[in-house]
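Have a look at the structure below, then the notes.
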Number of protein chains: 2
Amino acid sequence: MVRMVDVAKEAGVSIKTVSRVLNNEPHVQDAMRQKVRSAVERLGYIPSASARSLRSNRSYSIMLLIHDVRSMFVSTVQFGALQKCQKLGYHLQLSMIGSDQLKDEETLKAWFAENLRGGHPDGLVLVPPMANNPVMERVVKSLGLNTIRVGPNEIPHTARTASVMIDDRQAAHDMTAHLIGLGHRRIGFIRGKEDQDATHRRFDGYASALAGAGIAMDESIVLPGSFDFNSGLEQGDVLLAMKDRPTAVFASNDDMAAGVIMAAHQAGVSVPGELSVAGFDDNEIAERTLPTITTIRQPLEEIGMVAIEALVTAAGASLEELTSHVLPYELVERRSTAAPA
Amino acid sequence: MVRMVDVAKEAGVSIKTVSRVLNNEPHVQDAMRQKVRSAVERLGYIPSASARSLRSNRSYSIMLLIHDVRSMFVSTVQFGALQKCQKLGYHLQLSMIGSDQLKDEETLKAWFAENLRGGHPDGLVLVPPMANNPVMERVVKSLGLNTIRVGPNEIPHTARTASVMIDDRQAAHDMTAHLIGLGHRRIGFIRGKEDQDATHRRFDGYASALAGAGIAMDESIVLPGSFDFNSGLEQGDVLLAMKDRPTAVFASNDDMAAGVIMAAHQAGVSVPGELSVAGFDDNEIAERTLPTITTIRQPLEEIGMVAIEALVTAAGASLEELTSHVLPYELVERRSTAAPA
DNA sequence: ACAGGGCTTGTCATCGTTGTCAGAAATGGT
DNA sequence: ACCATTTCTGACAACGATGACAAGCCCTGT
């Protein structure tokens with residue numbers, strides 16, 4: 001193991017100077033900088049993360065807090081985040097938390113104490129459904145954790161905190177308008193989990209597009225859902241069994257859209273011939289159904305990258321100074337939508 | 001922040017005694033143990049991970065090295081590993097490595113130096129395709145990293161190293177025998193990526209089951225693949241276009257099986273009426289196709305858990321003493337297989 | 001009663017880095 | 001030419017835990 005003293009000796013300077021160069025501190029002459037840099041290079045020196053964080057109280061690691069890793073959404077965000085972390089020389093540390101720990105502030109604080117082990121991470125990335133949980137919000141603030149949320153930024157009950165997201169409302173509006181543009185007037189909607197902000201914002205977009213086209217909303221074809229395949233399957237059955245069934249369904253994510261498509265298959269209803277189906281997210285599954293799903297592409301990998309970048313750049317700055325990042329989305333037209341018969 | 005000295009003061013003992021209790025070292029009287037434990041409890045003391053690892057050269061973290069997080073296989077293993085880590089008080093640290101870094105030992109060693117940051121993790125979990133890469137194997141050994149591989153344990157070019165897995169060969173044998181039992185005699189096979197051991201072992205199982213039933217293998221219906229949906233789709237097209245096409249196909253994972261099913265749909269061939277399709281893994285997708293896929297269930301979450309457990313238990317023990325863990329699998333019969341017409 | 005040994009507890013140095021502070025050198029204003 | 005300020009560099013302590021070692025205690029066997 002090569003330590004800082006070794007580099008200092010090699011470069012003929014004091015270890016403090018080496019430290020300064022490595023941390024890009026000012027007040028070092030360029031000549032010194034060069035000497036140190038090349039010594040580091042020659043010896044293949046890598047600073048010890050534990051010594052660093054013990055002394056400086058920084059961890060050079062970012063924590064990604066997940067609830068259910070098996071969701072494609074989270075996996076993809078994670079993928080982007082990991083890439084960025086590695087590029088910036090940070091560790092990505094994963095943690096998983098159950099719903100039980102989110103009940104009250106006491107429990108959550110205890111959870112954090114146990115899982116942080118003394119060293120605060122330099123940043124915390126929250127994904128849904130933690131991204132808009134008020135308990136989490138408060139605890140994170142009181143612990144002074146530099147946090148960024150993956151999700152919308154308009155929670156009524158809190159002040160502005162940092163976030164990365166697309167404009168869910170506008171995207172859902174666009175998709176609904178797209179269906180209306182194809183000639184649909186009776187468009188069903190399947191909601192997501194009620195504790196996630198995205199559910200409400202997507203519904204708002206749906207509603208506003210209907211209103212904009214002068215179509216009265218029919219509450220009977222707005223169905224509950226839970227963002228998973230099975231709920232799409234169930235609600236698909238419900239919709240298909242209706243007497244006056246819609247000519248199109250906008251499921252608020254792809255897993256549910258895939259469920260609706262399977263329900264249609266099983267009921268012998270052709271998609272998009274007799275029923276158009278639209279999704280949201282552009283999951284892998286959107287290209288693996290028959291027909292493939294027209295959806296909104298969220299740049300999930302990029303969202304992960306931006307989240308990390310924001311945290312690292314703002315290291316030290318306080319939460320309030322972090323801004324919201326709104327990323328572009330894209331309506332991807334595939335085969336599951338068409339003009340009504 | 002509450003430190004060890006605070007606990008010592010509260011309990012009226014020396015800090016060394018506190019340390020001993022926390023590390024479950026012998027030679028401490030039970031009365032002392034109790035006093036310390038309750039002081040820890042009262043103060044909510046959590047040891048500092050960085051101080052610990054700086055001094056003791058242990059990291060209390062385990063590294064999961066991935067290549068492409070977006071595979072369901074890896075995500076699920078990760079999920080199990082994470083659960084176990086948290087239960088045992090370890091951090092799970094994710095790292096991603098590209099194929100470029102695996103070319104030669106020099107490069108890989110440099111990669112490790114850069115990504116370990118001084119502190120070796122207490123364990124390393126390798127998943128395919130790193131799990132049976134000879135370069136990786138050598139480097140890991142020379143760095144003295146406690147490693148466990150998720151995958152088979154019969155690499156010709158190395159000595160025995162620890163692994164967790166199912167018996168791929170036997171499982172593939174069972175599935176093939178199952179198809180034969182249904183009455184199929186002409187059974188196609190789609191291979192996986194050639195650099196993964198599982199590919200060869202599954203093929204071996206397929207071959208031995210055919211041989212056991214006295215069926216000559218027809219190389220023309222053994223097709224290459226790459227474990228992804230699209231390769232299943234392509235090879236499905238190839239198989240379906242054959243003059244003397246098989247009555248059943250055994251795709252060596254579910255993604256490819258789903259691809260074959262879609263190819264059949266598009267070609268107007270009914271599954272399982274005209275073509276039986278079997279998969280391997282029991283991915284989420286196996287239940288989201290029409291028909292659902294008959295497959296081999298690998299206990300992936302459990303594999304992740306066992307991997308972590310093995311590493312933590314063996315902390316300090318050398319690689320060779322770690323054993324192979326063979327976990328049970330299960331043949332899940334769904335709707336994609338039936339007797340031939 | 002005492003030497004020898006195991007058990008229990010404590011003192012102190014140490015891991016590798018960064019923060020504090022002080023001193024040396026360079027710069028600038030008069 | 002001189003003092004004040006800024007820029008640069010280094011010596012040293014400190015972060016919070018564990019390892020090495022020592023000392024005190026309580027046995028046991030003679």
Side-chain angles (χ1 to χ4, degrees), chain A residues 1-37 39-40 43-61 89-91 113 116-120 122 315-316, chain B residues 1-37 39-40 43-61 89-91 113 116-120 122 315-316:
Chain A
M1 151 125 287
V2 36
R3 288 149 313 168
M4 206 174 245
V5 277
D6 305 318
V7 177
K9 211 170 289 170
E10 173 84 9
V13 299
S14 79
I15 80 172
K16 183 68 232 205
T17 299
V18 177
S19 170
R20 273 193 267 260
V21 171
L22 264 63
N23 291 286
N24 289 315
E25 286 174 27
H27 308 312
V28 180
Q29 281 194 333
D30 285 346
M32 287 277 159
R33 284 214 139 83
Q34 287 307 346
K35 273 203 290 185
V36 171
R37 289 249 158 75
V40 165
L43 299 178
Y45 166 73
I46 307 279
S48 147
S50 15
R52 235 141 114 104
S53 60
L54 172 60
R55 183 61 233 224
S56 66
N57 227 24
R58 299 187 50 197
S59 63
Y60 300 90
S61 82
Y90 277 66
H91 280 319
L116 294 179
R117 319 256 134 125
H120 278 199
D122 291 345
Chain B
M1 152 126 285
V2 35
R3 288 149 311 165
M4 204 174 247
V5 276
D6 303 319
V7 176
K9 212 169 291 169
E10 172 84 9
V13 299
S14 80
I15 89 170
K16 184 69 234 207
T17 300
V18 177
S19 170
R20 274 193 265 261
V21 171
L22 264 63
N23 290 287
N24 290 314
E25 285 174 28
H27 308 311
V28 180
Q29 282 193 331
D30 285 345
M32 285 278 160
R33 284 214 139 81
Q34 286 309 344
K35 272 203 289 187
V36 171
R37 289 249 159 73
V40 165
L43 299 179
Y45 167 72
I46 307 281
S48 147
S50 16
R52 232 140 114 108
S53 61
L54 171 60
R55 183 64 238 241
S56 66
N57 228 25
R58 299 186 50 198
S59 65
Y60 301 91
S61 82
Y90 277 67
H91 280 318
L116 295 179
R117 320 255 129 134
H120 278 199
D122 292 345

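Chain letters run A, B, ... following the sequence lines, proteins first, then strands; residues in each count from 1. Note that this is a predicted model, so its numbers are computed, not measured.
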Tell me whether the OP1 or OP2 atom of [N] has a side-chain N or O from [X] closer than 4.0 Å.
{"X": "A:Ser19", "N": "C:dT18", "value": "yes"}
{"X": "A:Tyr45", "N": "C:dT17", "value": "yes"}
{"X": "B:Asn23", "N": "D:dT18", "value": "yes"}
{"X": "A:Ser14", "N": "D:dG10", "value": "yes"}
{"X": "B:Arg52", "N": "D:dT18", "value": "yes"}
{"X": "A:Ser48", "N": "C:dG16", "value": "no"}

Review point. Heavy atoms under 4.0 Å, any strand shown: does A:Val5 hit a base, just sugar-phosphate, or nothing?
Key: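 Answer is nothing: A:Val5 stays at 4.0 Å or more from every strand.
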Can you check the [X] [atom1] to [N] [atom2] distance for me, whole Å?
{"X": "B:His27", "N": "C:dG10", "atom1": "NE2", "atom2": "P", "value": "15 Å"}
{"X": "A:Asn57", "N": "C:dT17", "atom1": "CG", "atom2": "P", "value": "17 Å"}
{"X": "A:Arg33", "N": "D:dT9", "atom1": "CZ", "atom2": "P", "value": "9 Å"}
{"X": "A:Ile46", "N": "C:dT17", "atom1": "CD1", "atom2": "P", "value": "11 Å"}
{"X": "B:Leu22", "N": "D:dG19", "atom1": "CG", "atom2": "P", "value": "13 Å"}
{"X": "A:Lys16", "N": "D:dA13", "atom1": "NZ", "atom2": "P", "value": "15 Å"}
{"X": "A:Arg58", "N": "C:dT18", "atom1": "CZ", "atom2": "P", "value": "10 Å"}
{"X": "B:Met4", "N": "D:dC15", "atom1": "CE", "atom2": "C1'", "value": "14 Å"}

Check your understanding: So how far is it from A:Leu22 CG to A:Thr17 OG1, rounded to the nearest 0.5 Å?
Key ->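 Nearest 0.5 Å value for the CG-OG1 distance: 11.5 Å.
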Review point. How long is the gap from OG on A:Ser14 to CE on A:Met32, to the nearest 0.5 Å?
Key: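 That separation rounds to 8.5 Å.
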Practice item. Examine distances only and state if a side-chain atom of A:Arg33 and a backbone atom of A:Val28 form a donor-acceptor pair shorter than 3.5 Å. Key: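 Present.
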Review point. Is there a donor N/O on one and an acceptor N/O on the other, under 3.5 Å, for the side chain of B:Arg55 and the base of D:dT18?
Key: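 A donor-acceptor contact between them is present.
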Check your understanding: Below 3.5 Å, does any donor atom in the side chain of B:Arg20 face an acceptor in the base of C:dG10, or the other way round?
Key ->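 Answer is yes: a donor-acceptor pair is held.
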**Study point:** Pairwise 5' ranking along DNA chain D for A:Thr17 and A:Leu54, keeping only the more 5' one
**Key:**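 It is A:Thr17, whose closest nucleotide lies nearer the 5' terminus.
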Check your understanding: More 5' along DNA chain D: A:Gln29 or A:Ile15, using each one's nearest nucleotide?
Key ->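 Counting from the 5' end, the first nearest nucleotide belongs to A:Gln29.
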Point to revise | pair B:Arg55-A:Leu54: side-chain heavy atoms closer than 4.5 Å | key: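 Heavy-atom side-chain distance check fails, nothing below 4.5 Å.
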Check your understanding: Taking the side chain as C-beta and beyond, is there a heavy-atom pair between B:Arg37 and B:Val21 under 4.5 Å?
Key ->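 The answer is yes; the side chains approach within 4.5 Å.
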Point to revise | Which nucleotide in C:dT17, D:dT18, C:dT9 has an atom nearest any side-chain atom of B:Met32 | key: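 Nearest to the side-chain atoms of B:Met32, counting from C-beta on, is C:dT9.
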Exercise for review: Choose from C:dG16, D:dA17, C:dT17 the nucleotide whose nearest atom is closest to any side-chain atom of A:Met1.
Suggested key: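 So the side chain of A:Met1 is nearest to C:dG16.
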**Study point:** Positive for side chain to side chain contact (heavy atoms under 4.5 Å, CB included) with A:Pro47, one of A:Arg52, A:Met4, A:Arg3
**Key:**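 With A:Pro47 as partner, side chain to side chain contact (heavy atoms under 4.5 Å, CB included) holds for just one option, A:Arg52.
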